[in-house]
Number of protein chains: 2
Amino acid sequence: MELRHLRYFVAVAEELHFGRAADRLGMAQPPLTRQIQQLEAELGFALIERSRPRIGLTRAGEVLLNHARGILQSVELATREARRTSRGERGRVSVGYPSSLAYSGLTALLQAFRSRFPDVEVELRELPPAEQVTALKAGRLDVAFIRGPLDDAELASELVRREPLVLALPADHRLAAKKRVPLSAVSAEPFVFFPRARAPAFFDVLIGLCRDAGFLPRIAQEAPQVDVLSLVAAGFGISIVPASVRETPSQLVFRPILGAPMSELLMAWRAGDSSPSRHQFVELVRRVGVHRSRAGRSAPA
Amino acid sequence: MELRHLRYFVAVAEELHFGRAADRLGMAQPPLTRQIQQLEAELGFALIERSRPRIGLTRAGEVLLNHARGILQSVELATREARRTSRGERGRVSVGYPSSLAYSGLTALLQAFRSRFPDVEVELRELPPAEQVTALKAGRLDVAFIRGPLDDAELASELVRREPLVLALPADHRLAAKKRVPLSAVSAEPFVFFPRARAPAFFDVLIGLCRDAGFLPRIAQEAPQVDVLSLVAAGFGISIVPASVRETPSQLVFRPILGAPMSELLMAWRAGDSSPSRHQFVELVRRVGVHRSRAGRSAPA
DNA sequence: AAGACTTGATACCTGGAAGGTATCGTCGCA
DNA sequence: TGCGACGATACCTTCCAGGTATCAAGTCTT
């Protein structure tokens with residue numbers, strides 16, 4: 001049995017007239033008659049009662065008709081859903097992001113994605129950058145936002161935002177009075193940094209900056225990314241952070257660094273990955289970008 | 001798209017190997033490859049990822065696979081149910097019977113039918129014989145049990161039971177003492193009969209018997225079938241009834257009539273009717289017959 | 001009652017497509 | 001680098017879905 005048989009049978013059952021059914025199917029009557037006969041022969045029982053003035057369905061025919069309609073609809077549904085999946089309009093993406101992005105543009109991005117792709121399930125996972133790379137490769141993540149350079153043959157990536165690195169200082173710090181601070185001016189300061197293992201690439205960028213300025217920072221305290229600012233506020237030291245952390249409520253001041261070193265935010269995914277939803281997510285990020293929240297965008301960068 | 005495509009795709013998706021899938025399908029590998037390509041071309045997107053060591057499904061392929069399995073199962077189910085319907089193992093019969101049969105063999109018959117055809121819904125309707133004929137022709141009944149001769153081109157019928165007609169007498173009636181009563185002996189008695197309109201054919205049989213015995217019965221009282229016996233018990237007159245009504249609890253005596261006139265119980269259905277369930281019902285009645293309840297069968301007929 | 005009409009079935013033909021065989025191309029692997 | 005595995009391609013054959021013409025049977029009309 002083929003879908004053809006069911007389609008033909010439904011047409012005949014609905015028209016109760018071979019000629020009209022054939023018309024509706026865009027074919028001639030004799031082959032239609034033959035296909036129905038063939039279907040009946042294969043099943044081994046009659047579906048249609050050939051009574052003279054008009055034909056009718058047998059009981060078995062009625063039963064088959066009900067099922068056949070459902071089956072044909074299921075086929076429609078199946079192709080539609082598969083098509084939507086292939087277009088990325090339906091599916092699942094898991095997105096990893098570092099805690100520093102939580103308050104900075106991700107929500108607007110996700111809102112845009114969800115409104116454009118309401119049937120794609122978005123799974124969000126806040127992870128340290130190092131773990132994001134692992135999770136990406138293992139397939140536990142489809143897209144990750146990572147700061148700093150990324151060089152991995154398994155991963156494809158794209159720059160989504162460049163922002164200045166700024167000095168984070170307690171409000172009463174002696175350098176808080178200056179508009180712009182040369183990095184060499186802080187060579188003797190105690191620093192608060194996150195542990196290198198959490199984001200080696202970004203960590204190395206920061207250390208590299210200091211080295212270029214002629215010193216090796218003295219790390220007075222290590223802390224997870226989110227807690228760096230509190231420790232700076234508490235006077236444990238100063239730090240270097242992306243400008244966007246200004247959005248995070250805190251009692252600190254942030255001062256541009258002379259020479260305006262930049263931090264690069266990357267969006268990364270598995271190089272060979274063909275998940276259509278992932279593709280759509282990347283495409284959307286390309287189109288709308290990763291902007292800071294409204295308040296942040298109006299503030300000076 | 002045809003079911004063939006879905007069957008092939010499911011095989012490939014399950015084996016993840018064109019060669020093995022082709023084996024399983026009993027065909028060669030090249031046509032299988034081509035059918036899958038054709039399916040993908042028609043859908044407009046890929047279902048299978050041709051990665052080298054082994055092939056895999058695209059997301060769309062996974063979605064389609066889930067649906068395809070269900071669709072193929074639905075097709076199985078549809079043919080099975082249609083087949084069962086065609087065999088009368090599934091469906092519906094409405095059976096009409098006169099009140100006189102309620103206590104006389106119908107229950108055993110229905111039990112047998114339900115245990116053999118548990119998926120056939122049996123609708124029972126107690127109706128006066130005249131209405132049964134109307135209901136049969138109108139399609140509101142599929143089978144009817146009717147007493148007496150039936151001559152109707154639209155209806156087919158079959159004799160299912162012959163039983164003696166007996167005189168129903170009050171226990172203290174003068175003829176109750178006799179073993180066997182000639183009908184001529186009751187020519188002067190008042191009679192209790194049901195209204196002719198309720199069962200004209202059977203009524204005419206009774207009148208005909210009297211006429212043959214040389215008299216026209218004086219009908220002292222008319223009553224619906226079930227009430228005839230009460231009226232006889234109350235002394236309104238005597239009556240002639242099928243022997244099986246002896247099963248009905250009552251204070252009467254029943255006496256065989258000289259010459260042993262018989263009543264015929266017929267099973268009738270629409271001549272052209274092709275309902276398989278109706279057919280099975282008729283077949284089963286042919287096989288097991290319509291017997292009186294256990295108590296009735298051991299009593300003398 | 002006879003003929004015209006309707007409508008499904010049959011006969012026969014044709015083109016296309018499904019399936020087969022042989023072979024190629026490509027990717028891993030030893 | 002050659003070999004094996006496996007999907008793709010080329011080409012052929014067969015079969016069958018669909019087309020046209022016509023038949024057959026039943027209905028309706030006049």
Side-chain angles (χ1 to χ4, degrees), chain A residues 1-58 60-61 64-65 68 72 75 153-154 271-272 274, chain B residues 1-58 60-61 64-65 68 72 75 153-154 271-272 274:
Chain A
M1 190 191 304
E2 292 294 344
L3 286 178
R4 179 183 58 250
H5 294 116
L6 296 183
R7 286 190 263 259
Y8 292 1
F9 173 65
V10 169
V12 172
E14 285 179 356
E15 299 286 343
L16 289 178
H17 189 289
F18 277 78
R20 281 194 296 276
D23 263 5
R24 190 170 116 184
L25 293 165
M27 66 190 294
Q29 169 260 317
L32 176 57
T33 292
R34 220 170 0 129
Q35 289 296 310
I36 298 292
Q37 288 172 334
Q38 179 179 314
L39 175 59
E40 290 178 320
E42 180 183 336
L43 290 173
F45 49 87
L47 299 171
I48 289 181
E49 242 163 23
R50 274 82 168 176
S51 42
R52 246 308 153 175
R54 67 189 59 238
I55 61 178
L57 295 183
T58 63
L64 186 66
L65 175 61
L72 294 176
V75 171
E154 286 184 55
S274 61
Chain B
M1 190 192 305
E2 291 294 344
L3 286 179
R4 179 183 59 250
H5 295 115
L6 296 183
R7 287 189 262 258
Y8 291 1
F9 173 65
V10 169
V12 172
E14 285 179 356
E15 299 287 343
L16 289 179
H17 189 290
F18 277 77
R20 281 195 296 275
D23 263 5
R24 189 170 115 185
L25 292 166
M27 66 191 292
Q29 168 258 318
L32 177 57
T33 293
R34 224 174 352 134
Q35 289 295 310
I36 299 292
Q37 289 173 334
Q38 179 178 314
L39 175 59
E40 290 177 321
E42 180 183 336
L43 290 173
F45 49 87
L47 298 171
I48 289 181
E49 242 164 23
R50 274 83 170 176
S51 42
R52 247 309 153 172
R54 68 188 58 239
I55 61 178
L57 295 183
T58 63
L64 187 66
L65 175 61
L72 294 176
V75 171
E154 285 184 55
S274 60

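Below, chains carry the letters A, B, ... as their sequence lines are ordered, and counting in each starts from 1.
Rounded to an integer number of Å, the gap from B/R54 CZ to C/dC29 P is 11 Å. Straight-line distance from the CE atom of A/M1 to the P atom of D/dC16: 17 Å, rounded to whole Å. Rounding to whole angstrom units, CD of residue B/E49 and P of C/dC27 are separated by 16 Å. Between A/L39 atom CG and D/dC16 atom C1' there is a gap of 16 Å when expressed in whole angstrom units. Atom CZ of B/R50 and atom P of C/dG28 are 16 Å apart (whole Å). In this structure, A/I36 atom CD1 and D/dA17 atom C1' are separated by 14 Å, rounded to whole Å. Here D/dG7 presents its P atom at 13 Å from CD of B/E40, a figure rounded to the nearest Å.
For A/R50, the side-chain hydrogen bond (donor to acceptor under 3.5 Å, both in side chains) criterion is met by A/E40, not counting sequence neighbours. Taking A/E14 as the reference, A/R24, A/R69 meet the salt bridge (charged side-chain N to carboxylate O under 4.0 Å, His left out) condition, with sequence neighbours excluded. Legend: residues meeting side chain to side chain contact (heavy atoms under 4.5 Å, CB included) with B/A271, ordered by chain and number and at least two apart, are absent.
We find the CG-CG distance between B/L3 and A/L3 to be 3.5 Å, quoted to the nearest 0.5 Å. From B/L57, atom CG reaches atom CD1 of B/I48 across 6.0 Å, with rounding to the nearest 0.5 Å. If you take NE2 on B/H17 and CD1 on B/I55, they are separated by 8.0 Å, rounding to the nearest 0.5 Å.
Side-chain contact between A/L43 and A/L64: present, with at least one pair of heavy atoms (C-beta onward) separated by less than 4.5 Å.
A salt bridge (Lys or Arg N to Asp or Glu O under 4.0 Å) check over residues 25-36 of chain A, counting only residues at least two apart or in different chains, returns nothing.
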Practice prompt. Give the C-alpha distance, both sets of side-chain angles, the deciding distance and a yes or no for side-chain contact (heavy atoms from CB on, under 4.5 Å) between A/R4 and B/E2.
Written response: CA-CA 7 Å; A/R4 179 183 58 250; B/E2 291 294 344; 3.3 Å; yes
Discussion item. Using a 4.0 Å heavy-atom cut-off to protein, can you give one letter per nucleotide of nucleotides 16-21 of chain C, 5' to 3': B if the base is in contact, S if only the sugar-phosphate is, - if neither?
Written reply: --BBBB
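Within residues 14-25 of chain B, the residues having any heavy atom closer than 4.0 Å to DNA chain D are, in order of number, B/H17, B/F18, B/G19.
Checking the phosphate oxygens (OP1, OP2) of D/dG7, no side-chain nitrogen or oxygen of B/Q37 falls inside 4.0 Å. Of the side-chain N and O atoms in B/T33, one or more sit less than 4.0 angstrom from OP1 or OP2 of D/dA8.
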